Amino acid sequence: MHTDVNQLFAALWDDYVEMTPSAAKVHQLLAKGETIINDHIALRTFNIAKVNLSVLAKHFESLGYVACGDYDFEAKKLKAKHFEHPDPTQPKVFISELMVEAFSPELQAIVHGLVEQVDEAATTADNFLYSGRHWDLDYATYEQLLAESEYAAWVAAFGYRANHFTVSINHLPGYNTILEVNDTLKQGDFVLNSVGGEVKGSADVLLEQSSTMADKVNVAFKDVQKTIPSCFYEFALRYPKADGELYTGFVAASADKIFESTNNAG
């Protein structure tokens, strides 16, 4: 496992930009030469012992991260936790896992078949969190998963890597509101996720979020190459709690809509 938190995030970012070509463009558009602070990254997995949430979390916990919140997405049959580092300038980490047993026997069989192909040793290797897919997958199987769970299909197609990075608007020079950021993105021809409105959350829940729709990238399946939605870029504005400190958690109702950013719209 990595011994340096900055190296880990640099490696995650390099892999993410490869999967999300628009991220580098968004970065350029918003940064204007300044450093962009990453609010959080998100990772996805299945709740099967070999690769479950806690297996991914160990990579961060070994670098000092601690679990700070639990989330339940009943409609999507997901559970999640978020982790924070003692150094508040380090990104937060949001890890979710699919409750595989809540799905059809067909989906369960497919997912267990994928996970069986993962070498146990790979899950503790330095590069596991940005190692991609560890199994064979044909396009028909991807489509079968997609019909039941977009999330399951995404993990099957992309494996282990950051599903998104997130710009901290609080630390973004020249922007005071999430609407200003969204306007800049739209003027740059980026398509925003409009499920439940372009802005998810509000000052009342201490967190506002928006995101681009996922890039479409060419993915090599076992039998064919297909262009499918990959990863997206998120934007977060946090509000102070009563004690004056910025809220560091997540809002399940908003995150639920953010998951839709990888849906195959249009």
Side-chain angles (χ1 to χ4, degrees), residues 12 15-22 41-56 59 73-80 94-125 127-164 193 195 211-232 255-266:
L12 281 159
D15 173 73
Y16 163 76
V17 172
E18 215 171 293
M19 287 289 122
T20 325
S22 72
I41 67 160
L43 297 157
R44 296 177 171 189
T45 191
F46 302 115
N47 72 335
I48 295 170
K50 196 196 286 185
V51 295
N52 69 9
L53 194 158
S54 60
V55 171
L56 274 59
H59 288 265
F73 301 94
E74 284 175 22
K76 290 187 172 60
K77 301 171 184 155
L78 301 170
K79 280 194 165 44
F94 187 90
I95 306 176
S96 55
E97 61 182 1
L98 192 73
M99 302 286 108
V100 177
E101 70 284 355
F103 289 88
S104 71
E106 291 76 17
L107 182 140
Q108 292 182 50
I110 293 169
V111 170
H112 279 279
L114 300 179
V115 173
E116 273 162 23
Q117 297 172 56
V118 179
D119 176 2
E120 194 97 41
T123 65
T124 54
N127 70 341
F128 181 61
L129 297 177
Y130 47 91
S131 60
R133 199 163 80 206
H134 290 253
W135 43 70
D136 279 335
L137 180 71
D138 60 56
Y139 187 63
T141 304
Y142 168 78
E143 289 203 296
Q144 191 179 341
L145 291 172
L146 191 59
E148 213 178 317
S149 165
E150 185 278 327
Y151 183 106
W154 190 93
V155 180
F158 292 102
Y160 294 94
R161 47 174 40 107
N163 168 262
H164 62 270
N193 168 351
V195 178
S211 62
T212 61
M213 288 302 285
D215 279 15
K216 303 270 178 72
V217 298
N218 209 10
V219 170
F221 291 91
K222 198 170 153 185
D223 50 343
V224 66
Q225 293 239 347
K226 286 283 182 181
T227 303
I228 62 170
S230 59
C231 310
F232 58 93
D256 188 69
K257 306 287 190 295
I258 293 281
F259 279 116
E260 308 275 334
S261 302
T262 49
N263 283 1
N264 199 349

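Remember, predicted model here, so these are calculated numbers, not experimental data. Start at 1 with the first residue, then count along the sequence.
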For this session: Applying salt bridge (Lys or Arg N to Asp or Glu O under 4.0 Å), name anything that partners Asp15, two or more places apart in sequence or on another chain.
Result: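 Expected list: Arg161.
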
For this session: Using the test salt bridge (Lys or Arg N to Asp or Glu O under 4.0 Å), find all partners of Glu106 that sit at least two apart in sequence or belong to another chain.
Result: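 Checked Glu106 against salt bridge (Lys or Arg N to Asp or Glu O under 4.0 Å); zero matches.
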
Donor-acceptor check, side chain of [X] to backbone of [Y], threshold 3.5 angstrom: yes or no?
X	Y	result
Lys50	Val118	yes
Ser230	Asp215	yes
Ser211	Asn193	no
Gln108	Phe103	yes
Gln117	Asp136	yes
Thr20	Val17	no

Looking at [atom1] of [X] and [atom2] of [Y], how far apart are the two atoms once the value is rounded to the nearest 0.5 Å?
X	Y	atom1	atom2	result
Asn47	Leu53	CG	CG	9.5 Å
Leu43	His164	CG	NE2	9.0 Å
Ser149	Leu98	OG	CG	4.5 Å

Problem set entry | Cationic tip of Lys76 above Tyr151 ring, under 6.0 Å, 45° of axis |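 Pair Lys76/Tyr151 does not count as cation-pi.
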
Exercise. With a 3.5 Å cut-off and no angle check, do the side chains of Glu97 and Asn52 form a donor-acceptor pair?
Worked result: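 No, Asn52 and Glu97 have no side-chain donor paired with an acceptor closer than 3.5 Å.
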
Exercise. Crowded around Glu101 CD? As in, over 12 foreign heavy atoms under 6.0 Å?
Worked result: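 More than 12 heavy atoms, drawn from other residues, nucleotides or ligands, come within 6.0 Å of this atom.
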
For this session: Quick one: do Phe128 and His134 satisfy ring-ring contact (aromatic ring centres under 6.0 Å, His included)? Show the steps, please.
Result: CA-CA 10 Å; Phe128 181 61; His134 290 253; 5.5 Å; yes

For this session: Would you check, one step at a time, whether the test salt bridge (Lys or Arg N to Asp or Glu O under 4.0 Å) holds for Glu150 with Arg44?
Result: CA-CA 12 Å; Glu150 185 278 327; Arg44 296 177 171 189; 3.8 Å; yes

For this session: Would you please classify the geometry between the Phe46 ring and the Trp135 ring as parallel, tilted or perpendicular, with 30° and 60° separating the classes?
Result: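 Answer is tilted, since the angle falls between 30° and 60°.
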
